[in-house]
Protein chains: 2
Amino acid sequence: MKKISKKTIERAFVYIRTLKSLLKDKEDYISSQELADILGTTDVQIRKDISYFGKVGIPGKGYEIRELETTLEKFILQKNIVRVVLFGVGNLGTALLKYPEFNKDRIKIIAAFDRDNRKIDKKINGVKIYSLKKVSSVIKKEKVDIGIIAVPKECSQNVANLIVRAGLKGIVNFAPVSIQVPDDVTVKNIDFSIEFLALFCNSNVAKAKQKNL
Amino acid sequence: MKKISKKTIERAFVYIRTLKSLLKDKEDYISSQELADILGTTDVQIRKDISYFGKVGIPGKGYEIRELETTLEKFILQKNIVRVVLFGVGNLGTALLKYPEFNKDRIKIIAAFDRDNRKIDKKINGVKIYSLKKVSSVIKKEKVDIGIIAVPKECSQNVANLIVRAGLKGIVNFAPVSIQVPDDVTVKNIDFSIEFLALFCNSNVAKAKQKNL
DNA sequence: TGGACTTCGTTAAAAATTTCACGATATTAT
DNA sequence: ATAATATCGTGAAATTTTTAACGAAGTCCA
């Protein structure tokens, strides 16, 4: 059995998301071409991706939506629920705590941490905010998988160090700086500025702008 | 002159961000190896990327930080400021309006839109909130480049339609659904759930979890 | 000044990813 | 039952991206 690429796994989550919403419709089957139209990709890409997870399609008919969804989800996530903790309960951190998709979708926010004493012991959307002193104990007790950094960039490396020391192997870093971590820890950076600027450059947005000036 | 890949451009923004912060230090030069150590990548990757933008390095010494920064920025962005509008002033939208990196970094939030009448005409962080009826006129008058979708997923396609009709060619979509747009419009999807789940699967986070159970 | 050393820039090789082409298989209509 | 049609699954080709290898060019120190 071949290794499944990172890209395929990312796309699989998009497929799962889409299939779940299609479940509400009356149709039971969907073809790779129809799914590609919805997602703005190609039928081959989709068939190729799905092929890594097994033979679930019916030639001449397509994929049974429910079956495909459960196949993908079981294959990728097994029965796992991803348990995360949040660092930094500012504007972004608060938005994440209130994000309606978490606690569905197999993601559970276990706890939040903040250095501001006024926030400690409060709850947002049912999630308790702890002092940074409690990081190690909470993470150990609650079997956390991933840490989210949503603190000001000046503190992000310190928080990263805390996360690493507590033994977590995955970090989502919203701070607009690079953080240094050991090789066995994976960091996913989300820098809003860069997302916007790269979109601007990598599309015909810039071209449209030139025309308008 | 060869075309510069999307990946290289994305990384270039990370280089720019890092070089800007290095400018505050006393050193004037940095080698590709040193920069790679900061960013968790390789020296070759960095030299290769930079080579697309010209010959700015000094063999045996490295890159002059200030020169490299300005070279990259001028090459990629010229003098452009990216002008964006926000749709949806909920938790996430508000966090974006208050995001401290915007209005630095060549990104300017021009206006926000919301369907809730109570929010209309208010300002957040200096950005005025308009009714959705004003979309077309504001976008035209203000020379907007990119639209940000931060509305509930049920409304995201409608908002996308508004954005397309107003003539924008770039969309950042935070709603966890795929939106359909014409081919000349580029969409960058940011689905927090998927980012977390993919990090979980594409790293040794899942492995660590198995061990702990 | 000269020689050892460092680091760049680039061509070539390797790896990863996407696209193509098409045989296989189920469906549907007659 | 059979033919026509639709759609899957996949090996091979094409493309893109990363990594390796190394000559060229500047630095630094005796």
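For the numbers below, each heavy atom of this structure counts, side chains included, while hydrogens, waters and symmetry mates do not.
- If you take NZ of B/Lys7 and P of C/dA16, they are 12 Å apart, rounded to a whole angstrom.
- Note: CD (A/Gln33) to P (C/dT19) measures 13 Å, nearest angstrom.
- Checked against side chain to side chain contact (heavy atoms under 4.5 Å, CB included), B/Val56 has the following partners two or more places apart in sequence or in another chain: B/Ile50, B/Tyr63, B/Glu67, B/Leu68, B/Thr71.
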Between the protein and nucleotides 22-30 of chain D, which nitrogen or oxygen pairs are less than 3.5 angstrom apart?
none

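- Residue-level contact check: A/Ser5 touches the backbone only, with heavy atoms under 4.0 Å from sugar-phosphate atoms and none from bases.
- Contact detail for A/Leu86 and A/Ala150: the closest heavy-atom pair is CD1-CB, 4.0 Å.
- Every residue was checked against the ring pair (Phe, Tyr, Trp, His ring centres under 6.0 Å) condition with A/Phe13, not counting sequence neighbours, and none meets it.
- For the pair A/Ala175 and A/Val151, the tightest heavy-atom approach, listed with the atom from each and the gap, is CB-O, 3.9 Å.
- Computed from coordinates, the A/Asp49 CG to D/dT10 P distance equals 13 Å when rounded to whole Å.
- Taking 4.0 angstrom as the limit, B/Lys55 places a side-chain polar atom (N or O) nearer than this to OP1 or OP2 of C/dT10.
- Contact annotation: B/Tyr52 side-chain N/O to D/dT17 OP1/OP2 distance is not under 4.0 Å.
- Here CZ of A/Arg83 is found 8.5 Å from NZ of A/Lys143. Values are rounded to the nearest 0.5 Å.
- With sequence neighbours excluded, the residues satisfying side chain to side chain donor-acceptor pair (under 3.5 Å) with A/Glu73 are A/Arg106.
- Atom CD of A/Glu34 and atom P of D/dA6 are 13 Å apart (whole Å).
- For A/Gln157 (side chain) and A/Gln180 (main-chain N/O), a donor-acceptor pair under 3.5 Å exists by modelled atom type.
- Protein atom CD1 of A/Ile46 is 9 Å distant from nucleotide atom P of D/dC8, rounded to whole Å.
- Evaluated for a side-chain contact (heavy atoms from CB on, under 4.5 Å) with A/Leu72, the options A/Ile9, A/Ile16, A/Leu77 yield exactly one hit, A/Ile16.
- Between the A/Asn173 side chain and the A/Asn189 main chain, no donor and acceptor come within less than 3.5 Å of each other.
- Every residue meeting the side chain to side chain contact (heavy atoms under 4.5 Å, CB included) condition with B/Thr94, not counting sequence neighbours, appears here in chain and number order: B/Val89, B/Lys98, B/Ile124.
- In terms of heavy-atom proximity, A/Phe192 sits nearest to B/Phe192 at CZ-CZ, 4.3 Å.
- Nearest heavy atom pair, residue A/Glu10 against residue B/Ile194, reads O-CG2, 4.2 Å.
- Within residues 38-45 of chain A, the residues approaching DNA chain C are A/Val44, A/Gln45, by heavy-atom distance under 4.0 Å.
- Between A/Arg66 and A/Asp28, no side-chain nitrogen of the basic residue sits less than 4.0 Å from a carboxylate oxygen of the acidic one, so the salt-bridge criterion is not met.
- For B/Asp37 (side chain) and B/Glu34 (main-chain N/O), no donor-acceptor pair under 3.5 Å exists by modelled atom type.
- Contacts of A/Thr41 classified as side chain to side chain contact (heavy atoms under 4.5 Å, CB included), with partners at least two apart in sequence or in another chain: A/Ala36, A/Leu39, A/Gln45, A/Ile46.
- Separating the CD1 atom of B/Ile50 from the P atom of C/dC8 is a distance of 8 Å, rounded to the nearest angstrom.
- For B/Leu35 and C/dT7, the CG to P distance is 13 Å, given to the nearest whole Å.
- Applying the salt bridge (charged side-chain N to carboxylate O under 4.0 Å, His left out) rule to B/Lys6 yields no partners; only residues at least two apart in sequence or on another chain are considered.
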With the criterion being N/O to N/O and under 3.5 Å, what pairs connect the protein with nucleotides 11-13 of chain C, and how long is each?
residue : atom : partner : partner atom : Å
C/dT11  : O4   : B/Lys48 : NZ           : 3.4

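- Shown here are the side chain to side chain contact (heavy atoms under 4.5 Å, CB included) partners of A/Ser5, two or more places apart in sequence or in another chain: A/Lys7, A/Thr8.
- Within residues 10-31 of chain B, the residues having any heavy atom closer than 4.0 Å to DNA chain D are, in order of number, B/Arg11.
- Taking five base pairs at each end of the helix from C/dT1-D/dA30 to C/dT30-D/dA1, the local helix axes there meet at an angle of 20°, rounded to 10°.
- A/Glu67 places its CD atom 14 Å from the P atom of C/dA26, with the value rounded to the nearest Å.
- Side-chain N/O atoms of A/Ser32 include none lying less than 4.0 angstrom from OP1 or OP2 on D/dT7.
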